[in-house]
Protein chains: 2
Amino acid sequence: MRETRLAGRQIHKTDKNFGARTYSTRSLHGQVAHQIGERILRGDIAPGQSLPNEADLSEELNVSRTALREAIKVLAAKGLLESRPKTGTRVRSRDNWNMLDPDVLAWLFADGPNAAASEMLFEIREIFEPSAAAMAATRASKSQISDLRSAYEAMEVAGDDIDASIPADLKFHQLLLASTGNELLISLGSMIETALAANFKVSSAGPRGIVIALPQHKAVLEAIAAGDAVAAQTAVIELLQQARISVATFNAANNNT
Amino acid sequence: MRETRLAGRQIHKTDKNFGARTYSTRSLHGQVAHQIGERILRGDIAPGQSLPNEADLSEELNVSRTALREAIKVLAAKGLLESRPKTGTRVRSRDNWNMLDPDVLAWLFADGPNAAASEMLFEIREIFEPSAAAMAATRASKSQISDLRSAYEAMEVAGDDIDASIPADLKFHQLLLASTGNELLISLGSMIETALAANFKVSSAGPRGIVIALPQHKAVLEAIAAGDAVAAQTAVIELLQQARISVATFNAANNNT
DNA sequence: GCGGCAGATTTGTCATATTATATGCTGATT
DNA sequence: AATCAGCATATAATATGACAAATCTGCCGC
């Protein structure tokens, strides 16, 4: 009988993840998946390299082969692993990883501020969010606009309280993408949300460097409410410029890798 | 002992999927995952609805509980399912689905031409591919440009041979995104590639409606080779306009849903 | 040199038992 | 009547052991 499972890896319920939508860690196999996933994203196990065989690895992790196999299936579903009889289970080449998966992206940020990953993320956001805002301005329903306004007001009320302002900020961006009516953009939104949450998770523990640009958010809101696509687009561009500066400052202050 | 596993669902090795990168169907649990995944995306099992319990469902599918559970883990990893003791396994709300996952998107197209899904896809492509081309024009290495040229030439040679021209076309777009150096864009590319492959899979079986726009591709190639970001961007915009017309024609001809 | 065959290794699948967890009910308590 | 603790129950979660299937390796015969 096993005494300690997953030795040295307790779940800290106090961890802030700001409600990010990631694979559940309630279950044992979920914990194993996260653990191995983080190792892969950190580069501890390089692409092409094989995991120990199931018998050895399950013993090493103090879990049954069943739990380990289910964890492996989760990671394989995200493109990280590939199993074959006799050959074993190996890490797939990086271009097979589904970086758009919220978990994968969260694991990429798990170690702390990551300048290269932040840059990728900003590039994507700068490509998408202005166009998305323009679409939202054209298509948002009254109730969606009302929800957006509520999220903005929550940000105003939250002020400097990071634990309240960050979720409101994330909510705002998610609602914006939802207003486009395009499900792919919505999924892209939760992916980005998770990545930002993973980033903020570290940031809120350290010195405060993140300042949410309220005026820019208000400009976006009002443009969408007015149905002005062009104004919404330019407002989001300004918002992202502001955010980029803020995050760069923060990353520079916290052992930027 | 079981005679026929997964009754009525044989794997057709002759199916054309144009090398799309999806979860392996070699294994039994992989087949089960695809089968249930398609059912969910088709709407046979609505969000909020529960699957039969593991004992019943595994018996119904003629597989062991183990295989079924591993399939469920794959689907849960993609955000489609959620399992809890006592409650059972239920389909999550649609906004939790990771539509950016190649498998999920492929299942969305599995039934045949899907006008709504095609529209989503085009919207996304029109947002990011022009920007990606501009980035590629700035950053592509000599060898990447050379690869792009090879892919284009393969398209030229292929001509009307769909089985050769479509893979070359997909390769071209993938290489373009790879040239941006942004891993998120690359993943986005394989997602789109899979979706297009799923679409083409049907199309190549029916009457020919897809015509690859060679001149537009050549314009993109030359702009990138010349390092002209603006030209690359406009060339891609024209390319997508052409593609949109072509697909719309095709969808209209084949029981457009 | 080469093709194929035998053996060994590893994942894949199965069956079964036990445990953990969530849910709803029941009945006591206020 | 409402609330809450505890109990029963259904279900997934985990563990274990056995066997099957795949596939790589190297040897053997030619």
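So that the names make sense, note that chain A is the first sequence line, chain B the second, and so on, each numbered from 1. Just so it is clear, the structure is predicted and the values come from calculations on it, not from any experiment.
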Given [options], the nucleotide with the shortest approach to the side chain of [X]:
X: E54(A); options: dA15(C), dT11(C), dC24(D); value: dT11(C)
X: V63(B); options: dA15(D), dC24(D), dC14(C); value: dC14(C)
X: T89(A); options: dA15(C), dT11(C), dA22(C); value: dT11(C)
X: L28(B); options: dT14(D), dT10(C), dT13(C); value: dT13(C)

Would you mind classifying the nucleic acid contact of T66(A) as base, sugar-phosphate or nothing, using non-hydrogen atoms under 4.0 angstrom?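 Base contact.
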So what does S83(B) touch, heavy atoms closer than 4.0 Å: a base, only the sugar-phosphate, or nothing? sugar-phosphate
Non-neighbouring partners of S27(A) that pass side-chain contact (heavy atoms from CB on, under 4.5 Å), sequence neighbours left out: H29(A)
Set of residues satisfying side-chain contact (heavy atoms from CB on, under 4.5 Å) with respect to S24(B), sequence neighbours excluded: R26(B)
Does anything in residues 71-79 of chain A reach DNA chain C, meaning a heavy atom under 4.0 Å, and if so which residues? K73(A)
Salt bridge (charged side-chain N to carboxylate O under 4.0 Å, His left out) involving D44(A) - partner list, sequence neighbours excluded: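 D44(A): salt bridge (charged side-chain N to carboxylate O under 4.0 Å, His left out) contacts with R42(A).
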Given atom [atom1] of [X] and atom [atom2] of [N], what is their separation to the nearest angstrom?
X: K86(A); N: dA20(D); atom1: NZ; atom2: P; value: 19 Å
X: L68(B); N: dA13(D); atom1: CG; atom2: P; value: 11 Å
X: R69(A); N: dA15(D); atom1: CZ; atom2: P; value: 15 Å
X: R65(A); N: dT16(C); atom1: CZ; atom2: P; value: 18 Å

Any side-chain N or O of [X] less than 4.0 Å from the OP1 or OP2 oxygen of [N]?
X: R26(B); N: dT23(D); result: yes
X: H29(A); N: dT14(D); result: yes
X: T87(B); N: dA10(D); result: no

Enumerate donor-acceptor pairs with a distance under 3.5 Å from any side-chain N or O in residues 96-108 of chain A to protein atoms, sequence neighbours excluded.
unit_1: N96(A); atom_1: OD1; unit_2: R92(A); atom_2: NH2; d: 3.4
unit_1: N96(A); atom_1: OD1; unit_2: R21(B); atom_2: NE; d: 3.4
unit_1: N96(A); atom_1: ND2; unit_2: S93(A); atom_2: OG; d: 2.9
unit_1: W97(A); atom_1: NE1; unit_2: R92(A); atom_2: O; d: 3.0
unit_1: N98(A); atom_1: OD1; unit_2: L100(A); atom_2: N; d: 3.2
unit_1: D101(A); atom_1: OD1; unit_2: K78(A); atom_2: NZ; d: 3.0
unit_1: D101(A); atom_1: OD1; unit_2: D103(A); atom_2: N; d: 2.8
unit_1: D101(A); atom_1: OD1; unit_2: V104(A); atom_2: N; d: 3.4
unit_1: D101(A); atom_1: OD2; unit_2: K78(A); atom_2: NZ; d: 2.9
unit_1: D103(A); atom_1: OD1; unit_2: Y23(A); atom_2: N; d: 2.8
unit_1: D103(A); atom_1: OD2; unit_2: Y23(A); atom_2: N; d: 3.2
unit_1: D103(A); atom_1: OD2; unit_2: K78(A); atom_2: NZ; d: 2.9

Pairs involving residues 156-185 of chain B, ordered by first then second residue, that meet ring pair (Phe, Tyr, Trp, His ring centres under 6.0 Å) (sequence neighbours left out): F172(B)-H217(B), H173(B)-H217(B)
May I have the step-by-step check of salt bridge (Lys or Arg N to Asp or Glu O under 4.0 Å) for E54(A) and R65(A), ending in yes or no? CA-CA 6 Å; E54(A) 293 177 351; R65(A) 228 188 113 201; 2.7 Å; yes
